[in-house]
Amino acid sequence: MSFIKLALFQVRLYIKNTYFVNLVIIETTTMLLYEYLAHYVLQTYDGKEWLIAGVMGTWASCTTSAGALGFQRFQGTLPYLLNTGVAREKVLLATLIPASVYGLIAFPLAGLEAWLLKMPVNYLDFQLLVGIILLCIAAAVLSYFISLFFVLSKNAIVYEQLLLLPILLLSGLLSIPDAVRISIKPFQMLSPLTLPIRIIYHESIQWNWITSYILVVVVFGVLSKLMTNIVIKRAFKEGRLSIF
């Protein structure tokens, strides 16, 4: 219960920051308008355009996790969060969860915008809900893992955008030629976002994708737990958290 209260508190703080709020709106809207214009002439909409924009907006929010801990350090609150009686893994996860939770607003936003633009809004079913839940879980785990690499950097916020497109493109955000898809498939299976995106897009799912998703999420979770104490101890030792 204490973890839930801490996470809800962090969510309230997160949505008060206009940068985080506007990032999701801008990225979602930009991607949807791109899809709208790309298919406008021939009117070849397949109802998947709003899903692409939803995934884009959700992950755009999750990329803020790279600089979230740095922002906490800038505010001077990170040392106090890490010196509470709560396990550091729970504190950091509660601090980073708002990025993936708030990012889910991209889907209803994209759906509303698509409806206003008279684009088809298809695939509204239980499978979509499952895909969104799995996407949220994968994004939270991946965000936590990535954020640990930026705790020691003072320029973490600058690097956020470097994580936006490469990971999504590798995970199957947009259609790619078959020749390229075959060559990057091994790398796609290492991304926990791949299966949720395929489910959301209502593409064919094989058991190897499901197995890969479970293994990758578990591995990232275990590695994150092991790395937390190592990274935080080093940060304290080197004075990276502005503690004197």
Side-chain angles (χ1 to χ4, degrees), residues 11 14-15 17-65 98-140 142-143 160-181 184-185 188 191-206 209 213:
V11 169
Y14 190 88
I15 60 178
N17 190 301
T18 55
Y19 170 74
F20 297 146
V21 173
N22 292 335
L23 178 65
V24 176
I25 297 174
I26 293 172
E27 294 290 348
T28 303
T29 304
T30 301
M31 177 55 73
L32 186 69
L33 289 176
Y34 168 79
E35 291 290 318
Y36 174 73
L37 293 174
H39 302 278
Y40 179 76
V41 175
L42 299 178
Q43 293 290 305
T44 54
Y45 303 113
D46 59 5
K48 193 184 295 183
E49 293 78 17
W50 74 283
L51 297 178
I52 297 174
V55 173
M56 182 72 174
T58 300
W59 181 243
S61 178
C62 291
T63 58
T64 62
S65 62
S100 57
V101 173
Y102 171 71
L104 297 179
I105 198 175
F107 283 96
L109 174 62
L112 176 60
E113 292 177 341
W115 178 75
L116 291 174
L117 292 172
K118 301 185 185 313
M119 299 169 65
V121 181
N122 298 337
Y123 306 107
L124 285 168
D125 53 18
F126 180 73
Q127 181 174 333
L128 174 61
L129 178 61
V130 172
I132 291 176
I133 293 174
L134 293 179
L135 177 67
C136 184
I137 294 172
L142 187 58
S143 298
E160 287 177 359
Q161 291 302 311
L162 297 177
L163 304 173
L164 181 57
L165 281 178
I167 293 179
L168 275 185
L169 292 176
L170 184 64
S171 304
L173 171 70
L174 300 175
S175 299
I176 55 178
D178 291 336
V180 178
R181 183 184 296 111
I184 68 171
K185 184 177 180 179
Q188 285 186 323
S191 171
L193 303 179
T194 303
L195 176 66
I197 289 177
R198 293 180 68 89
I199 293 176
I200 290 173
Y201 289 177
H202 288 68
E203 297 178 354
S204 60
I205 305 297
Q206 299 175 344
W209 290 106
Y213 174 84

* To do: Verify, without hydrogens or angle tests, whether Gln127 (side chain) and Ile199 (backbone) share a donor-acceptor contact under 3.5 angstrom.
  => yes
* Full working for side chain to side chain contact (heavy atoms under 4.5 Å, CB included) between Ile200 and Tyr123 -> CA-CA 8 Å; Ile200 290 173; Tyr123 306 107; over 6 Å; no
* Structure fact -> Between the CD atom in Glu49 and the CD atom in Glu35, the distance rounded to the nearest 0.5 Å is 5.5 Å
* Asked: Which residues satisfy the side chain to side chain donor-acceptor pair (under 3.5 Å) test with Thr194, sequence neighbours excluded?
  -> none
* Structure fact -> dist Tyr34:OH -> Ile52:CD1 (nearest 0.5 Å) comes out at 9.0 Å
* **Which residues share a side chain to side chain donor-acceptor pair (under 3.5 Å) with Tyr102, sequence neighbours left out** => none
* Asked: Is Glu27 reaching over with its side chain to a backbone N or O of Val24, donor-acceptor style, under 3.5 angstrom?
  -> no
* Asked: How far does CG of Leu129 sit from CG of Leu124, to the nearest 0.5 angstrom?
  -> 11.0 Å
* Return the minimal non-hydrogen interatomic distance between Trp59 and Ser143, and the atom names on each side. => CZ3-OG, 4.1 Å
* **Cys62/Leu142 under side chain to side chain contact (heavy atoms under 4.5 Å, CB included): CA gap, chis, key distance, verdict** => CA-CA 9 Å; Cys62 291; Leu142 187 58; over 6 Å; no
* **Student check: side-chain heavy atoms of Ile167 and Thr63 closer than 4.5 Å** => no
* Asked: Do you know which two heavy atoms are closest between Thr58 and Ser100, and how far apart they sit?
  -> CG2-O, 4.5 Å
* Asked: Nearest heavy-atom pair of Ser61 and Tyr14: which atoms, and what distance?
  -> OG-OH, 3.2 Å
* **Non-neighbouring partners of Ser171 that pass side chain to side chain donor-acceptor pair (under 3.5 Å), sequence neighbours left out** => Ser191
* Nearest atoms (heavy-atom pairs only) where Ala110 meets Ala53 -> CB-CB, 3.9 Å
* **Other residues, nucleotides, ligands: >12 heavy atoms within 6.0 Å of Ile105 CD1** => no
* Asked: Could you give the distance from OG1 (Thr28) to CH2 (Trp50), rounded to the nearest 0.5 Å?
  -> 11.5 Å
* Structure fact -> Heavy-atom closest pair (Glu113 atom, Thr29 atom, distance to 0.1 Å) is OE2-OG1, 2.7 Å
* Check the pair Glu203, Lys48 against side chain to side chain contact (heavy atoms under 4.5 Å, CB included), reporting the backbone distance first and the verdict last. => CA-CA 11 Å; Glu203 297 178 354; Lys48 193 184 295 183; 4.3 Å; yes
* Report yes if some heavy atom in the side chain of Leu117 is under 4.5 Å from a heavy atom in the side chain of Leu33; otherwise report no. => yes
* Asked: Stepwise, does the side chain to side chain contact (heavy atoms under 4.5 Å, CB included) test hold for Leu128 with Leu51?
  -> CA-CA 9 Å; Leu128 174 61; Leu51 297 178; 3.7 Å; yes
* To do: Measure across Asp46 and Asn122 and return the closest heavy-atom pair with its distance rounded to 0.1 Å.
  => O-ND2, 3.3 Å
* Structure fact -> Only residue of Ile137, Ile132, Leu134 satisfying side-chain contact (heavy atoms from CB on, under 4.5 Å) with Pro196 is Leu134
* To do: Classify the angle between the aromatic ring planes of Tyr45 and Tyr36 as parallel (below 30°), tilted (30 to 60°) or perpendicular (above 60°).
  => parallel
* To do: Could you give me the CA-CA distance, side-chain angles and deciding distance for His202 and Asp125, then say whether side-chain hydrogen bond (donor to acceptor under 3.5 Å, both in side chains) is met?
  => CA-CA 10 Å; His202 288 68; Asp125 53 18; 2.9 Å; yes
